[in-house]
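This report refers to the structure that appears directly beneath it.
Residue numbers start at 1 and run along the sequence shown. Note that these values count all heavy atoms, side chains included, but never hydrogens, waters or copies made by symmetry.
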Amino acid sequence: MGKKSQDFEVARRSMDMQRLDEDDSSSSAKNEKVGLKRDVGLISGIALIIGTMIGSGIFISPKGMIEGCGSVGLTLILWCLCGLLTTMGALSYAELGTMIPESGGEHAYLMYTFNKVRKNKKPIYKLMNTQGSKSFARVPAFLYDWVALFIIRPTMYAIMAMALGTYAVKPFYPDCPPPDIAVKLVTAVAMCTIAFINSVSVKAATMVQNITTFTKLIALAIISVGGIIMIFKGNTEYLSEGFEGTRNDPQKVAIAFYNGLWAFDGWNSLNFITEELKNPTKNLPRAIMIGIPLTTLCYVLANVGYLAVMSKEEIMISHAVAVTWGERMLGVMSWMIPCFVVASTFGSANGCLFSSGRLCFSAGRDGHFPRILSFLQFDRNTPMPAVMFTLIISLCLIIPGDLSSLIDFFSFASWLFYGITTASLLILRVIEPKTPRPYKVPLPVPIIVLLASIYLVIAPIIQNPGIQFVYAVLFILSGLIIYIPFIYMGIHFKFMDKITIVLQKLLRVAPTDKAR
């Protein structure tokens, strides 16, 4: 979407003058550059991965895995397999992230790859002008942005926040389900609070992420250690069932596998913030190699902790497994578990919004969305417009309250683009074999991830065909209605420049020094 850089520059200069007038004593402000800062270290990177993946599911309802598997043994094996596939996918992304060290995750990798396939020497975004890109090489990246920013990321954020709202309100309604209006109000307040933190300070957001991640690890450690103690006391009745009751229905097992992968979603969060990661060529693969296996271990040990105290039948009928476990094991201290769950969901929602804001920022910077979304709050270097955009879409999604219809779309679209992005790694191996790769994943790994992605996209359609998949494909392709006039042809409405300048002054935001 073409913009008039002269108008942006005038607005930026006027705001810089205003800032200098307000604080003449800050001489360093003159030379301060507007751009993302590398404030995220290895520990914070690990916390972002773990904290985004571990939400409420492992505390509230791990029963989906047991229902599908039918046995304790197969359930634990399936948790390990989900962790293995997720690790392989993340390592494939680590190669892309170290080769293409830009924020935006899939957006950045698809932009780079299909530009190379088109065999242009200059990146696509440098060919963009007021007459449009005149290229369809941007289509994969744009369709990803279209789906991710309107469905995938807002749905993920809304679901995490809704879990927080439900658990925060439930203690006030012990004998009945809490009213929807109360849950939605608490959810909305939590979402706005998280957005405020992410708009004010990157360091504050990473601190929140570190603290909440540490909190949820403590909670899982309590459950795991408590279960191990019960095992040493001889309570092995439920675990000793092994593979008794294993289901022979592949469809049921496949559904259990989907439930497990849902618990691991968020494994690619660090790829969205590569430009803010210190020493990304080393810390990105390191954070992945530590964060995802640690999360897998936590999930397996938590299930062992549950099964040392509760039977699989009790787990399947419980609406909040961790609370039931706490009532049996912690006695008067069982109140800690709901507090841990609220902290866990707050942290996962914070990590989701933190990474989603960077995707929105990158899409705006490359002209797929209004440029204002790529502007930073120049006093704090935070992507305030991008965070606010994600917040608004997410708030709209919680109004109907029922997000179940979006979850199937979420999984379908997510693995579709995971597969396309993994395929881009293989394409780059062929067309750019000599490009430096600080980290190079073994070739069988992305091939396995690609095959798994194809299965996870096709299998639900075959096993449970429905109109929802037609709607999903139509929504994805509807992005072309926007792409052709505004990206390919470069149609631009002049009133958008005026809106952009008003928002610049209102939010005190400006283009980054790396604006394209």
Closer than 3.5 angstrom, by distance alone: can the side chain of [X] be matched with the main-chain N or O of [Y] as a donor-acceptor pair?
X	Y	result
D39	K203	no
K312	G70	yes
K216	I54	yes
E95	V441	yes
R328	V323	no
S334	L330	no
S362	S103	yes
T274	N271	yes
Q209	G351	yes
S344	V341	no

Note, [X] side chain near [Y] side chain (heavy atom, < 4.5 Å):
X	Y	result
T295	F264	yes
M111	E102	no
V202	K37	no
I211	F346	no
T213	I46	no
F389	P370	no
V309	N235	no
L36	N381	no

Verify the ring-centre separation between F150 and W146: is it less than 6.0 angstrom?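 Judged by ring-centre distance (under 6.0 Å), W146 and F150 do meet the cut-off.
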
Go through T512 and F361 one step at a time and tell me if the side-chain contact (heavy atoms from CB on, under 4.5 Å) criterion holds. CA-CA 10 Å; T512 66; F361 164 85; 3.7 Å; yes

Give me the atom names and distance for the closest heavy-atom approach of [X] to [Y].
X	Y	value
A302	L220	CB-CD2, 3.9 Å
E106	F272	OE1-CZ, 3.4 Å
A47	N210	CB-OD1, 3.1 Å
C352	Y157	SG-N, 3.6 Å
A322	I223	CB-CD1, 4.4 Å
M53	G291	CE-O, 4.3 Å

Would you compute the distance between atom [atom1] of [X] and atom [atom2] of [Y] and round it to the nearest 0.5 angstrom?
X	Y	atom1	atom2	answer
L373	L503	CG	CG	9.5 Å
T98	N279	OG1	CG	11.0 Å
S44	I273	OG	CD1	8.5 Å
L239	Y306	CG	OH	14.0 Å
L164	I159	CG	CD1	14.0 Å
I194	T390	CD1	OG1	12.5 Å

Between I399 and L395, is a side-chain contact (heavy atoms from CB on, under 4.5 Å) present by the stated rule, with each step listed? CA-CA 7 Å; I399 292 175; L395 287 173; over 6 Å; no

Within 6.0 angstrom of [X] [atom1], more than 12 heavy atoms from elsewhere:
X	atom1	answer
M388	CE	no
F214	CZ	no
M336	CE	yes

Between T382 and N198, is there a side-chain donor-acceptor contact under 3.5 Å, judged purely by atom types and distance?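 The answer is no; no qualifying pair exists.
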
Derivation of the side-chain contact (heavy atoms from CB on, under 4.5 Å) call for V449 and Y418: CA-CA 9 Å; V449 174; Y418 290 157; 5.9 Å; no

Does anything in residues 65-106 pair up under ring pair (Phe, Tyr, Trp, His ring centres under 6.0 Å), and if so which pairs, sequence neighbours excluded?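 Checked against ring pair (Phe, Tyr, Trp, His ring centres under 6.0 Å) - neighbours excluded - the pairs reaching residues 65-106 are W79-Y299, Y93-W267.
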
Does the side-chain contact (heavy atoms from CB on, under 4.5 Å) test come out yes or no for I398 and M191, once each step is laid out? CA-CA 11 Å; I398 70 169; M191 292 169 75; 4.2 Å; yes

Which residue is it: F412, F417, F142? I am looking for the one with a side-chain contact (heavy atoms from CB on, under 4.5 Å) to V147.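 It is F417, the one option of F412, F417, F142 that forms the side-chain contact (heavy atoms from CB on, under 4.5 Å) with V147.
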
So among L185, V189, V183, which one has a side-chain contact (heavy atoms from CB on, under 4.5 Å) with T187?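 Among L185, V189, V183, the one that satisfies the side-chain contact (heavy atoms from CB on, under 4.5 Å) with T187 is V183.
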
On the six-membered ring of F375, is R371 placed so that its NZ or CZ lies under 6.0 angstrom from the centre and within 45° of the ring axis?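 No - R371 does not lie over the ring of F375 by the 6.0 Å and 45° rule.
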
